[in-house]
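A note on names: the letters A, B, ... follow the listed sequences, proteins ahead of strands, and every chain is numbered from 1.
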Amino acid sequence: MLDVRTLRTELDAVKAGLARRRIDVSDLDRAAELDARQRAALSEAERLRAEVKRLSGEVGRARKQGDAATAERLAADSRALGEQQATRDAEASALAAELRDVMLQIPNLPADDAPDGAGPEENVVLRTVGGDRTWADHQRVPHWEIGEQLGILDPERATRMSGSMFNMYRGAGARLLRALVQLSLDRAADAWEEVRPPSVVRTDTMISTGHLPKFADDAYQVERDELWLIPTAEVPLTSMHAGEVLDEAELPRRYAAYTPCFRREAGSAGRDTRGLLRSHEFDKVELMAFATPAAAPAVHADIVARAEGILADLGLAYRVLDLCTGDLGFGNRRTFDLEAYAPGCDQWLEVSSVSWYGDFQARRSNTRYRPAEGKGTEFLHTLNGSVLGWPRVWAALVETHRRPDGRIDVPEVLRPYLGGAETLP
RNA sequence: GGAGGGGUGGCGGAGUGGACGAUCGCACCGCUCUUGAAAAGCGGCGGGGCGCAAGCCCCCGCGGGUUCGAAUCCCGCCCCCUCCGCCA
């Protein structure tokens, strides 16, 4: 969430920044007003509280000196003030709760250099690699057909056991998926610690990343146990150091995690129902880092480079998008999306989203660091990006590398993970 | 799931209603001494909020409550440990 203090000193600038998202910014006025009322109530409560403490001390002293009458009189005064204080306190905490509710619903400010725009159409294509390639007829077959022909995908049975938008990979298809996951974890291992976090988390953990309270409908909830299925490994990883204060010397902290991701896809019923384009459960490898503000841009660039490197080495055509302010995710200041081209279904598929959050998430999860120079603590910056969302890569890959005989050529980098196989199945 | 024990500053560990945000030790930082280091001595040494400041307030796992006054008493929750049960 945003720092409330910025609403006191630079409300207009914050409004202008948020307006670039093309959203209604009236919540900010409400937040600023709640903040002012909250602080007024709190300082009055604190003043009364100090007086109660002072009087209580005197009660003790009077009693020690055996002056029961004075003690009783002071205790009565203190009691009266205490009642006033309780009222002001209750008022202050009700206002604080209300303020927090409002603040949790307010998205992050876009970075200054994020391109302006109203929606996805205005995202900026930074570069396209392999976009001028020509595609043969045998590559113009959608992956769901390829999956059926080769027996490597079994959506019917998956649907029977779990409902629509669930998938099942079989035989060489399942092995291919596992190979992709391993390839990407291995390629991150030089600088990113591999982690296998829980796939199910508490409500607080979901709030830290910004997935709750605003986007509850998008997530699966295990109500009986007050738990949520993670929509991405970003959720547990971002809470990795919740409540901790890290030393600047141990930064950046970088983590890589492979997890299943669960999404209800509430807003997209009926869209992309065929094949692997959109699923309630999918596998992804996520890179997530905690960095100082100064180091954040370099980490951001590193994640993009790593995601891009994998796409390039898998021989896929892809492009890199700089998301415009109108398409930026709730907590993001700047995001680069990577899209792989799938020739069979003739679509650019989002396979990675690499985001810088500033201190938006760290403020929610209370994750700080102690600067090497100077006093006190500062909130960290968080960054994360997929390397990559595997079902869509799987789709682009089998379409791109489909041979005239219908089998799939295995890109060289993947062969070590598939027993040296040059083709599948 | 049942029974019992426990959560205090970076660590260890006091504190069971009255000046305690907290004795003490270790670690750490500064200074003195020393060629340097060690030792010794002196001083410092958690986080957060409000305030121009002086200062005030909050935090002893978390949230409530009792009280003039709570680290201390009561209630709920979370986590850890031991034993029992169940279990891949």
Side-chain angles (χ1 to χ4, degrees), chain A residues 1-11 31-101 103 196-208 212 222-228 236 239-251 253 260 359 362-380:
Chain A
M1 80 190 124
L2 299 177
D3 184 347
V4 208
R5 280 173 295 196
T6 61
L7 303 188
R8 290 170 209 162
T9 52
E10 40 203 299
L11 183 59
E33 188 226 322
L34 285 168
D35 176 51
R37 286 169 55 201
Q38 196 274 144
R39 277 184 300 147
L42 187 64
S43 49
E44 178 61 8
E46 285 182 355
R47 193 187 62 74
L48 290 164
R49 173 79 181 148
E51 190 57 15
V52 167
K53 284 176 73 164
R54 195 184 63 76
L55 286 173
S56 293
E58 284 184 27
V59 172
R61 250 162 295 165
R63 192 150 291 165
K64 228 167 246 171
Q65 289 162 7
D67 187 350
T70 303
E72 204 35 61
R73 187 172 52 73
L74 290 169
D77 288 352
S78 180
R79 191 181 309 129
L81 282 176
E83 277 161 20
Q84 288 181 42
Q85 182 235 323
T87 307
R88 299 301 270 171
D89 238 5
E91 197 181 322
S93 55
L95 286 165
E98 203 179 332
L99 173 61
R100 182 175 162 82
D101 285 346
M103 291 303 289
R196 179 48 256 248
S199 308
V200 179
V201 298
R202 289 229 183 85
T203 301
D204 282 348
T205 310
M206 289 283 280
I207 288 176
S208 296
L212 288 181
V222 185
E223 286 185 291
R224 189 158 87 156
D225 297 298
E226 291 180 58
L227 293 169
W228 301 78
S239 283
M240 194 83 170
H241 298 292
E244 296 180 23
V245 180
L246 305 177
D247 280 326
E248 180 165 356
E250 48 182 348
L251 297 171
R253 295 294 283 259
D359 59 10
R363 185 168 283 112
R364 288 173 168 233
S365 64
N366 190 22
T367 307
R368 293 168 294 164
Y369 75 103
R370 204 180 303 282
E373 305 288 320
K375 285 195 68 179
T377 58
E378 302 284 341
F379 287 111
L380 279 158

- Any A:R370 side-chain nitrogen or oxygen under 4.0 Å from OP1 or OP2 of B:G46: no
From the set [options], return the single nucleotide nearest to any side-chain atom of [X].
| X | options | value |
| --- | --- | --- |
| A:K53 | B:G51, B:C58, B:G47 | B:C58 |
| A:R5 | B:G49, B:C79, B:A70 | B:G49 |
| A:T377 | B:C68, B:C57, B:G48 | B:G48 |
| A:R202 | B:G48, B:C78, B:G18 | B:C78 |
| A:L42 | B:C68, B:G49, B:G51 | B:G49 |
| A:R8 | B:C56, B:G51, B:C68 | B:G51 |
| A:E46 | B:C57, B:G51, B:G46 | B:C57 |

Over how many whole Å does the gap from [X] atom [atom1] to [N] atom [atom2] extend?
| X | N | atom1 | atom2 | value |
| --- | --- | --- | --- | --- |
| A:E226 | B:C77 | CD | P | 12 Å |
| A:R88 | B:C50 | CZ | C1' | 15 Å |
| A:E83 | B:G65 | CD | P | 14 Å |
| A:R363 | B:G47 | CZ | P | 18 Å |
| A:L74 | B:U67 | CG | P | 19 Å |
| A:D225 | B:C78 | CG | P | 11 Å |
| A:R54 | B:C57 | CZ | C1' | 16 Å |
| A:E51 | B:C68 | CD | P | 16 Å |

Taking the same atom, [atom1], in [N] and in [M], what whole-Å distance lies between them?
| N | M | atom1 | value |
| --- | --- | --- | --- |
| B:C59 | B:A71 | C1' | 11 Å |
| B:G18 | B:U72 | P | 12 Å |
| B:G21 | B:G9 | C1' | 9 Å |
| B:G48 | B:G25 | C1' | 28 Å |
| B:U8 | B:C79 | C1' | 16 Å |
| B:G47 | B:A53 | C1' | 22 Å |
| B:C33 | B:C42 | C1' | 11 Å |
| B:C28 | B:G10 | P | 16 Å |

- Message: Tell me if a side-chain donor or acceptor on A:D3 pairs with a main-chain N or O of A:R5 at a distance below 3.5 Å.
- Response: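 The answer is yes, because a donor-acceptor pair under 3.5 Å joins these two groups.
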- Across every strand shown, the nucleotide meeting Watson-Crick or G-U wobble geometry with B:A3 (both distances under 3.5 Å) is B:U82
- Item | Opposite nucleotide pairing with B:G55, Watson-Crick or G-U, both atom distances under 3.5 Å |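 The answer is B:C50, by the H-bond criterion.
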- Query: Starting at the 5' end of RNA chain B and moving along, which residue's nearest nucleotide shows up first, A:V52 or A:G60?
  - Reply: A:G60
- Query: Nearest nucleotide by nearest heavy atom, which residue falls closer to the 5' end of RNA chain B, A:S43 or A:K64?
  - Reply: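 Going by which nucleotide is closer to the 5' end, it is A:K64.
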- Message: Ignoring hydrogens, what is the shortest heavy-atom contact between A:A96 and A:Q38? Give both atom names and the distance.
- Response: N-CG, 3.6 Å
- Message: When you measure only distances, ignoring hydrogens and angles, does the side chain of A:R63 come within 3.5 Å of the base of B:G18 through a donor and an acceptor?
- Response: yes
